[in-house]
Structures are given as C-alpha cells and as structure tokens.
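Below is one structure, written out as structure tokens, with a few remarks after it.
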Amino acid sequence: MELNTETGTETRPYKLLISCPSGLSPSQVSVVFDELYDRIPHPDINLENSISEIWDQRVQRNPSLYNGTKFRHGHYTWHDGGPNQESHVCLHLGLTDYRTFVGTNINPLWEKFLAPSEDDAIQCQHTSSPLGNGAIVETSDKKILVLQRSHNVGEFPGHFVFPGGHPEPQEVGIVSHHHKDLTDSELLNKKVSQEMFDSIVREVVEETGVPSDSLYEQVFIGISRRVLNVRPAAFFFMKCSLSSKEIQQMYSTAQDSFESTQLYTVSMIELGNMASKMPGCHEGGFALYKIMVEAGSKSHARV
C-alpha cells in the first residue's frame with residue numbers, strides 16, 4: 001500500500017467494485033451485452049486523437065500487434081437473495097478493443113480520460129476498460145496457484161499474478177454490435193454469461209497445463225479494479241483435483257507457459273506476502289479471496 005501524504009492514510013492500489021463472499025455459481029451470474037455500455041468518446045478532440053497516435057507508434061515498433069475485440073465493463077446490478085432466494089449479479093458489458101485500451105487506459109495521459117465522479121461507471125465512461133479475469137485455484141493439498149510473469153510481456157513484467165486473461169467475444173461469435181441478432185439478444189446474453197466461466201477455465205488450462213476436467217466448483221467472487229489505469233478484472237475461485245506436485249510437473253507443457261517464468265503453489269500466508277508484488281487488480285483479487293475465506297470461517301463457526 002502507498003501512503004496518501006495529504007491525509008496520512010494508506011491508499012490501496014485497487015478498488016473492489018463487487019464482492020461476493022459466498023461465491024456465485026453460473027446460475028447466479030447473468031449478463032446484459034449492449035452498446036449502451038460501450039465507451040463514450042471524450043469531448044477533448046486532441047485527447048481522442050492521441051488514441052490513434054499511440055496505437056500507430058506501437059504498431060510501428062511492433063508490426064505483429066493485433067487489435068482484438070474485448071468485452072468492456074460498463075456497470076452491474078446486484079440483487080440480494082431473500083430468505084429463500086439466491087443472490088444474483090447482472091454484469092453490464094459493452095464492446096471495446098485492444099487499440100482503444102492502449103490509447104486510453106495505458107495512455108500516459110490516462111487520468112485525463114477520467115470523468116469527475118464517485119460513480120465508477122461515469123468516472124470511467126471515456127476509457128476502454130476491457131474486463132479481464134483471474135482465478136484463485138486451490139489444489140488438492142490446499143495450496144493456491146500463482147504465476148510469475150515473463151519479462152517479455154507488455155504489462156507488469158516479473159510480477160506475481162493469478163492465472164487469467166480475458167473472456168473473448170469471438171468465442172461466442174461476436175465481432176461487433178452490428179453482427180448481433182436483435183431478435184435473439186436473450187440467447188446471446190446467456191452465451192456471454194457462460195463465456196465468463198468458460199474463459200477462466202480456458203485461461204487456467206492454457207497457463208498452467210492442468211486438464212480442464214481437474215477443475216471444479218467454479219464460483220464468481222467479485223470484480224477488482226486497479227487504481228493505476230483503472231483496469232477491471234473479474235475473479236473466480238475454483239478447486240483442482242490435482243496436488244501441487246502433479247501441477248508443477250504439468251506446467252512445463254502449458255500452452256501459454258511463455259507468458260510466465262515460474263509457477264508457485266503457496267499457502268495463504270505466503271500468498272499474503274506476495275500480494276504487494278502483484279498488479280493492483282490481482283492484489284484486489286487476493287482481497288476478494290480473503291473476504292471469501294473469512295466469511296466461510298464465520299459461517300462454520302456459527303454451525
């Protein structure tokens with residue numbers, strides 16, 4: 001944590017947008033995908049033009065850069081479960097792309113894209129804000145998987161992270177809003193909601209090498225937003241039927257192992273020591289996991 005010199009208080013490098021301590025199953029998470037939740041262009045034309053300028057500079061340095069589409073985090077609605085009802089969250093998602101992310105969220109002038117508001121959706125209305133994801137994976141011997149990022153990646157080289165990436169619009173056939181069949185938006189929303197869960201399993205498999213059938217009991221535990229660059233990420237908790245030793249042996253065959261240099265299997269105490277060396281959104285993911293664990297301990301104590 002950093003110290004706010006004006007108030008003398010510690011400031012966290014993350015903000016928890018949603019916290020679901022009991023964990024939400026796929027039936028408790030829905031999505032509304034609509035262009036209403038797309039980014040709103042900034043009124044400053046020079047700032048808007050900087051998006052293209054930064055992207056063009058990046059492409060000149062690295063012609064292999066690909067401008068893929070991503071889901072944009074717009075907002076959410078939360079429904080508390082009554083005495084006989086489950087809690088439910090509905091994520092409001094739009095569409096954005098990597099080019100706009102590079103030109104807004106990680107633009108050196110990124111703070112100028114923020115609107116003056118305490119409301120997260122309004123404050124970030126001019127940023128790309130692609131929704132990332134991360135997984136807290138518990139092994140059969142009660143350890144948590146943590147990766148150390150490669151020094152060749154674009155963001156946070158060498159930092160500790162949970163396995164993760166992004167849900168992908170292409171996986172559910174979305175290229176743009178114009179390709180959306182308006183008569184079947186309900187079916188599309190269900191597909192996008194399922195992609196939230198399918199994508200995080202895919203990322204864990206690709207980054208750690210574990211088979212998908214070893215992962216089970218996936219639940220959504222919340223959304224953390226990094227204070228730096230206001231980047232949001234959805235976090236999930238899941239269990240793996242394999243031991244730490246078995247997973248370490250599989251890591252060398254992982255499809256995306258080039259993105260990381262090492263896989264760690266750590267205890268809660270060790271994870272707490274690593275958290276400050278994580279990007280803010282992943283440190284927030286650890287905070288969401290801690291809240292879940294503490295809530296579970298309290299409920300067990302009451303039984």
Side-chain angles (χ1 to χ4, degrees), residues 13-14 23 70 130-168 171 195-224 226 228 231-293 296:
Y14 60 85
K70 300 294 175 191
L131 183 63
N133 59 21
I136 288 83
V137 183
E138 183 183 86
T139 66
S140 64
D141 51 336
K142 306 297 182 186
K143 301 292 187 182
I144 300 297
L145 304 188
V146 176
L147 296 164
Q148 184 162 25
R149 283 173 68 79
S150 162
H151 287 281
N152 299 321
V153 294
E155 283 191 281
F156 292 94
H159 282 60
F160 296 122
V161 291
F162 296 110
H166 298 85
E168 299 292 352
E171 289 290 331
E195 170 60 9
M196 295 297 114
F197 285 84
D198 290 348
S199 61
I200 192 59
V201 171
R202 232 176 20 244
E203 295 288 357
V204 172
V205 169
E206 290 172 2
E207 294 189 358
T208 69
V210 302
S212 59
D213 60 8
S214 70
L215 301 170
Y216 63 103
E217 292 185 14
Q218 295 92 348
V219 289
F220 171 79
I221 60 171
I223 294 180
S224 161
R226 193 167 78 210
L228 176 69
R231 183 168 190 180
F235 281 88
F236 298 78
F237 173 77
M238 65 185 74
K239 294 181 180 180
C240 181
S241 60
L242 302 171
S243 68
S244 299
K245 187 176 180 181
E246 289 171 314
I247 295 169
Q248 287 287 4
Q249 290 168 346
M250 293 177 170
Y251 172 61
S252 61
T253 64
Q255 179 182 325
D256 289 350
S257 61
F258 63 90
E259 293 182 2
S260 59
T261 56
Q262 195 164 347
L263 171 74
Y264 297 89
T265 53
V266 300
S267 67
M268 184 67 148
I269 293 172
E270 290 169 321
L271 184 55
N273 293 332
M274 294 171 128
S276 63
K277 299 178 184 70
M278 289 180 161
C281 46
H282 281 250
E283 190 173 345
F286 171 61
L288 290 169
Y289 172 56
K290 266 206 312 186
I291 292 168
M292 185 196 84
V293 170

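This one's a predicted model, so the numbers in the text were calculated from it and none came from an experiment.
- Side-chain contact between M250 and P211 is present, with at least one heavy-atom pair separated by less than 4.5 Å.
- Among all heavy-atom pairs drawn from T208 and V204, the shortest one is OG1-O, 2.6 Å.
- Side-chain contact check for M196 versus P167: some heavy-atom pair is nearer than 4.5 Å.
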Please report the C-alpha distance between T139 and I144 in whole Å, then the side-chain angles of each, then the deciding distance to 0.1 Å, and finally whether the side-chain contact (heavy atoms from CB on, under 4.5 Å) criterion is met.
CA-CA 6 Å; T139 66; I144 300 297; over 6 Å; no
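- In this structure the side chain of V146 never reaches within 4.5 angstrom of the side chain of V161, judged on heavy atoms.
- Of the residues F162, F160, Y14, the one that meets the side-chain contact (heavy atoms from CB on, under 4.5 Å) test with H282 is F162.
- Partners of K142 under the salt bridge (Lys or Arg N to Asp or Glu O under 4.0 Å) rule, at least two apart in sequence or in another chain, are E138.
- Side chain to side chain, Y251 and Q249 fail the donor-acceptor criterion of an N or O pair below 3.5 Å.
- The shortest non-hydrogen separation linking A234 to L131 is N-CD1, 3.8 Å.
- Closest approach of C281 to A233, counting heavy atoms only: CB-CB, 4.3 Å.
- For the atom pair CE (M274) and CZ (F286), the distance works out to 11.0 Å, reported to the nearest 0.5 Å.
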Let's go through E283 and K277 carefully: what are the C-alpha distance in whole Å and the side-chain angles of both, what is the deciding distance for side-chain contact (heavy atoms from CB on, under 4.5 Å) to 0.1 Å, and is it a yes or a no?
CA-CA 8 Å; E283 190 173 345; K277 299 178 184 70; over 6 Å; no
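- Between S267 and K143 there is a side-chain heavy-atom pair separated by less than 4.5 Å.
- Remark: side-chain polar atoms of Q248 are not paired, donor with acceptor, to backbone N or O of K245 under 3.5 angstrom.
- Side-chain N or O atoms of N133 include none that pairs as donor or acceptor with a backbone N or O of F235 at under 3.5 Å.
- A 4.5 Å side-chain heavy-atom check between L145 and Y264 finds every atom pair outside the cut-off.
- Counting only distance, with no hydrogens or angles, the side chain of S260 and the backbone of R149 share no donor-acceptor pair below 3.5 Å.
- Remark: side-chain polar atoms of E195 are paired, donor with acceptor, to backbone N or O of E168 under 3.5 angstrom.
- Here the CG-CD distance, from D198 to Q218, works out to 9.0 Å after rounding to the nearest 0.5 Å.
- When all heavy atoms of T265 and E270 are compared, the closest pair comes out as O-OE1, 4.4 Å.
- With contacts defined as side-chain heavy-atom distances shorter than 4.5 Å, the pair E217/K239 qualifies.
- Residues L147 and E207 meet the side-chain proximity criterion, which asks for heavy atoms closer than 4.5 Å.
- Although no hydrogens or angles enter the test, the distance criterion places a donor-acceptor pair under 3.5 Å between the side chain of S140 and the main chain of S243.
- Counting all heavy atoms, side chain and backbone alike, P163 lies closest to I200 at O-CD1, 4.2 Å.
- Listed here is the closest heavy atom pair of C240 and V137: CB-CG1, 3.9 Å.
- Under the ring pair (Phe, Tyr, Trp, His ring centres under 6.0 Å) rule, F220 has a single partner from F237, F197, F236, which is F236.
- Within the 4.5 Å cutoff, the side chain of D141 has no heavy atoms near those of the E246 side chain.
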Check the pair Q148, L263 against side-chain contact (heavy atoms from CB on, under 4.5 Å), reporting the backbone distance first and the verdict last.
CA-CA 7 Å; Q148 184 162 25; L263 171 74; over 6 Å; no
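- Judged purely by atom type and a 3.5 angstrom limit, E203 uses its side chain to pair as donor or acceptor with the backbone of H166.
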